[in-house]
Structure formats: structure tokens, C-alpha cells
K.L.:
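This is the structure I want to talk about, given as C-alpha cells.
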Amino acid sequence: MALLISNGEIVTADERYRADLYIEDQTITQIGKHLRVPPGTETIDAAGKLIFPGFIDPHVHIYLPFMGTFAKDSYDTASVAALIGGTTTIIEMCCPSRHEDPLAAYDLWKSKAEGRSACDYSFHMAVTRFDPSSGAQLREIVADGTASFKIFLSYKDFFDVNDGEMYQILKLARELGVVVTAHCENAELVSRLQQELLAQGKTGPEWHEPSRPETVEAEGTHRFATFLETTGATGYVVHLSCAAALNVAIAARKRGVRLSVESVLPHFLLDKSYAGREGAEGLKYVMSPPLREKTNHPALWSGLAAGQIETVGTDHCPFDVAQKLMGKDAFTLIPNGIPGVEDRVNLMYTHGVKTGRLSIHRFVDALSTRAAKLFGLYPRKGTIAVGSDADLVVYDPEYRGILSAKTHHVNADYNGYEGFKIEGRPAAVTVRGRVQVRNGIFSGERTLGRFLRRDGWSDATRSPYAG
Ligand code: URP
Ligand code: ZN
Ligand code: ZN
């Protein structure tokens, strides 16, 4: 199948220029002006539009048994929602609890995606226990093309690993050349603070943040960095939420620790006051790490602009209001998470690029290129170049709209960004040359998405910010 995209302005992490793109057999085969293409080739006229590489969300949850329930999305819904929002590749967290068998869990997670995804996908493998059988199982998973791990320093007795386990996981990761992504908090401190707050009758969602304060996230980040430094492994902090933790990460990188930082959409746009809203409203905004004081926003935006925060994901993790209400009498029982996979690109474009906080190149880098480089997908994904997969977002910067649960496509009955304005959205989205979305409407193949095998990092894919 061939496709010509003409008259658009190509924008990558480091270039901006006018050229046409020709796509054959799923890849970009020509970039230039006055291309010679066969008569009758399907054409998208991109006059007045920007053309970005397909965006990559490095942190989503789709299938997730968690806190006594399941996240609401399936690949059928999440992959379509992602594409409508311009995200052509997702990396899902495969998250068995510490009581499950890792290999069986990995197969289960893969089976949830196979033949059901409209966009391409890959996994980070959560290691929630390290015992004598773990090494062999994890080697098998890495050999299957899942070359990144995830650890939790939080969610006591469910996902969290202790320091001894973290040490062994990082040593193995270093040997295999895989990145370890980490949720950095202190499970023990969170658990103790939660119990104390509940005992004082502090049960509402507004107490979620005080139960896991910034110091607890800074401690987790520091401990993770110390273990990376000791083992020589390469790490990636997920969903960093505050300046205190960012400063710890920056200091670690300065002394040569191989550590990258991700933050996620909610922490740039929402703040702690949302969880204090009346009734069920507050419950919708419970996630971990929690929404922080708004005073953190300038540090996050400037850290992002400077590349200290390298990537922006979503931590997409939708629960319906009825599920959130499980915790109406105790904030510790509110399923943690918020949807976002559909809205990340448009909101970061609107609040980052349009406001001048973020250059258009850093925007592309943080939402696409950098994740591709860190996780072994580059240059197949994350850029516009001859030979790259034709994952392209023809972006209409003149579009104006308002976000709402009434019109979104994720499987959740609320949108945390309800009423937020967007200034721009994808006019067309292709996955390997197939047009999947036109003007907000999915019009493609629901089963087009493929599992992306990823190998461990090499020097070429290491973060330039990582010392
Ligand atoms: O609140 C969150 N973040 N829910 C999803 C699980 C996780 O910690 O990423
Ligand atoms: Zn997490
Ligand atoms: Zn997550």
C-alpha cells in the first residue's frame, strides 16, 4: 500500500522543513519536493499542517488487576483512543503482583493485546519479586523482546520489592543491558502514614497526598539512584511529580548515575486541590505519586524544557467513578490512577508549545523521540526518516476543541481534563503507512497493531543526559 503526504511541514526533534513524504510497504521511502510517485497513489494534502513522527507513550496501563478491581480499558478501546490523540506506539506495564508467576503473567498480558490493538505496542516487565527462579524467567522475557523492567518501591505487599530484591534485579538488568524503570516512593513510610491518618479520622481523598509526601518520593528516587550507582545499571524514574524528587535525580545524574526521568501529563496540568474537590469529584484525582502543590509546576515545566525531564507519558490507568467510590470511606481503598492516553499530545501541545514553555522540537523529543531512543525503538520509531516506520501525525494547529468524557474514546466515565481547551489535534494519523484516523474519527484497521520486539540498550541509545 502506497501513500503520499504532500505540502506539509515536517517537524522532528531537531529539524523543521517543508517536504513531501512517500510511503511504501509500511516505511518512509522518499522525503523531498516534487517526488515521482505512481499515478493514482492515495494522497493526503497536508497544506497548513505540521507532520510529526508518531507519538510514543512509554507508560500506560491497560490490563491491570489492582486494588481489588481492574483498570477499565482493553486494547480495543485504549489503542483507538491513543491513535485518535496521535499516539501510535504504547508501552504497557506488565504488572503481576508479587504472588503471581512472572512468565505466566507475561503470556497473559501479551494475550490481551494480540490481535486486538490498532496501534503498535510493547511492554515493560514488572519484577515484583526476586527469587531463585526469577533470573531464568526474566532472561526468557528479555529474549522475547521485552528489554526493560519495572520495579515498584511502593504498594506494600502487592507490587513492592525490598532493597535486597532491587539490588539483584539491577545486577541482572546491568548484565542483560536493559533499562529498569521505577516507581519511586517508600512503601513502608506510605503504609505507616496511611494508618496514622486513618486513625485520626482523616479518610477523604484529600489525605492521599499527605500520606505520600514529596519527601517520600524524594527518598525513593534517592534510594533508586544509589542502587543504580552501586550496580552500574541504567534506570528511568517513572511519573516524577515534584521538584524535590527532580532535584535528587539531577544531582544523581551530575555524579554520573545513568538515570533518566519521566513525568506524566497530570503533574504538569493538575494539582493537589483537585483531590480536595467535593463528593466523588476528589476521588477521580487520586493517583500515585499524588497530585502536588501547584508550586511544583514551574520546576516541572522548566525541567522538561531543559531535558532534565526527558519524557512525558501518561500513566494512563482508567477507573470508573463507581470503582473510585470503593474508597469513599477510606482514601487507601480508592483505586489509584487517571486516564490520559488520548489527551497527552493535544494538551502538551496546547499548554507547552502554544504557551511558549516548550519548543516544538523538545515537544517532539519528549513525547516521541526520546522514548524511542531510551527503549530501543529508534530510528524505527520516533523520527521521520527514510527507512523509518511510517507512523505519522498530520497535525492541525488551527483546530480548537474542548475535552469531555462525552466525546472521548477511552473506556472511562469521566475525563480528568473535562472542559480543558485544546488548540490543535491530529487531522490524520498513520501506523506503518495505513491511515488509522482522520479528523478525530477512527477509520482504520482495529487489529493492525504489532508487538514491537526491543533489544537491550547500547551506547548509542543511552541518554545523553545520563552522564
Ligand atoms: O496511580 C497510579 N499511578 N496508578 C497506576 C499504577 C502506578 O503506580 O503506575
Ligand atoms: Zn507507579
Ligand atoms: Zn503506572
Side-chain angles (χ1 to χ4, degrees), residues 57-73 78 82 90-98 109 121-128 148-161 166 179-187 190-191 194 205 207-209 211-212 216-217 220-221 223-224 235-242 245 261-268 270 272 274-275 282-292 311-320 323-324 326-327 331-341 344 371 375 410 412 414 416:
D57 191 336
H59 186 165
V60 302
H61 300 273
I62 298 176
Y63 174 66
L64 184 68
F66 185 44
M67 298 188 72
T69 186
F70 291 82
K72 274 299 300 287
D73 254 326
I90 53 181
I91 310 185
E92 188 193 1
M93 299 287 173
C94 169
C95 289
S97 80
R98 63 182 290 123
W109 255 260
Y121 60 92
S122 189
F123 297 96
H124 300 298
M125 182 67 205
V127 188
T128 50
S148 47
F149 296 155
K150 166 77 181 284
I151 57 173
F152 291 90
L153 309 183
S154 185
Y155 306 124
K156 191 168 154 60
D157 300 328
F158 192 69
F159 285 146
D160 72 312
V161 288
M166 171 158 60
V179 179
V180 179
T181 71
H183 175 138
C184 295
E185 290 183 298
N186 183 309
V190 171
S191 167
Q194 285 178 332
W207 296 105
H208 176 71
E209 198 277 342
S211 77
R212 37 212 325 147
V216 160
E217 187 182 348
T221 308
R223 188 156 36 102
F224 181 50
Y236 175 96
V237 174
V238 298
H239 54 35
L240 180 134
S241 73
C242 59
V261 174
E262 166 200 276
S263 189
V264 290
L265 180 63
H267 295 305
F268 290 98
L270 308 173
K272 168 179 175 176
Y274 282 79
L283 303 165
K284 296 176 182 174
Y285 294 96
V286 168
M287 67 202 75
S288 295
L291 293 172
R292 302 294 189 191
T311 60
V312 178
T314 57
D315 197 8
H316 175 76
C317 188
F319 296 101
D320 275 345
Q323 293 171 292
K324 291 279 187 182
M326 291 162 59
F331 68 87
T332 50
L333 302 178
I334 304 166
N336 288 196
I338 187 170
V341 75
R344 176 185 64 136
F375 296 117
V410 299
Y414 79 95

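Source: prediction; values computed, not measured. Remember, it's 1-based here, ligands and their atoms both numbered in the order they're listed. Reckoned from all heavy atoms, side chains included, excluding hydrogens, waters and symmetry mates.
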K.L.:
Please report the shortest heavy-atom distance between Arg223 and Glu185, naming the atom on each side.
P.N.:
NH2-O, 3.3 Å

K.L.:
For ligand 1, is any non-hydrogen atom under 4.0 Å from Met93's backbone (N, CA, C, O), its side chain (CB onward), both, or neither?
P.N.:
neither

K.L.:
State the atoms of ligand 1, each with its element, that fall below the 4.0 Å cut-off from a heavy-atom position in His183.
P.N.:
8 (O)

K.L.:
Around atom 4 (N) of ligand 1, find the nearest protein heavy atom and jot down its residue, atom name and distance.
P.N.:
Asn336 O, 3.0 Å

K.L.:
How far is atom 1 (O) of ligand 1 from its nearest protein heavy atom, and which residue and atom name does that atom have?
P.N.:
Ser288 N, 2.8 Å

K.L.:
For residues Asp315 and Val264, report the shortest heavy-atom separation together with the two atoms involved.
P.N.:
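In this case the closest contact between Asp315 and Val264 is N-CG1, 3.8 Å.
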
K.L.:
Assess the side chains of Tyr155 and Ser97: does a donor N or O sit below 3.5 Å from an acceptor N or O?
P.N.:
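Ser97 and Tyr155 do not have a side-chain donor-acceptor pair below 3.5 Å.
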
K.L.:
Which ligand 1 atoms are under 4.0 Å away from a heavy-atom of His239?
P.N.:
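In order of number, 8 (O), 9 (O).
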
K.L.:
Should the ring pair His183 and Phe152 be called parallel, tilted or perpendicular, given that the plane angle runs from 0 to 90° and is split at 30 and 60?
P.N.:
tilted

K.L.:
What residue among Ser288, Ser154, Ser241 forms side-chain hydrogen bond (donor to acceptor under 3.5 Å, both in side chains) with Glu217?
P.N.:
Ser241

K.L.:
Where is the nearest protein heavy atom to atom 3 (N) of ligand 1: which residue, which atom, and how far?
P.N.:
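Result for atom 3 (N) of ligand 1: Asp315 OD2, 2.6 Å.
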
K.L.:
Excluding waters, which protein N, O or S atoms are within less than 2.8 Å of the Zn ion (ligand 3)?
P.N.:
His59 NE2, His61 NE2, Asp315 OD1

K.L.:
Look at the side chain of Lys324 and the backbone N and O of Gly337, then say whether any donor-acceptor pair between them is shorter than 3.5 Å.
P.N.:
yes

K.L.:
Mark up the atoms of ligand 1 that fall under 4.0 Å of a heavy atom belonging to Met287, in ascending order.
P.N.:
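Per the distance check, 1 (O).
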
K.L.:
Verify the distance criterion only: is there a donor paired with an acceptor across the side chains of His61 and Glu92 at less than 3.5 Å?
P.N.:
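No - no donor-acceptor pair under 3.5 Å links their side chains.
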
K.L.:
Apply ring-ring contact (aromatic ring centres under 6.0 Å, His included) to His316 and list each qualifying residue two or more places apart in sequence or on a separate chain.
P.N.:
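Per chain and number, His316 pairs via ring-ring contact (aromatic ring centres under 6.0 Å, His included) with no residue.
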
K.L.:
Cut-off 3.5 Å, side chains only: do Gln194 and Thr332 have a donor facing an acceptor?
P.N.:
no

K.L.:
Give a yes/no verdict on whether any heavy atom in Tyr155 is under 4.0 Å from an atom of ligand 1.
P.N.:
yes

K.L.:
Are His59 and ligand 1 in contact, using a heavy-atom cut-off of under 4.0 Å?
P.N.:
yes

K.L.:
When Cys317 is tested against each of Leu64, Asp73, Val60, Ile62 for side-chain contact (heavy atoms from CB on, under 4.5 Å), which residue passes?
P.N.:
Leu64

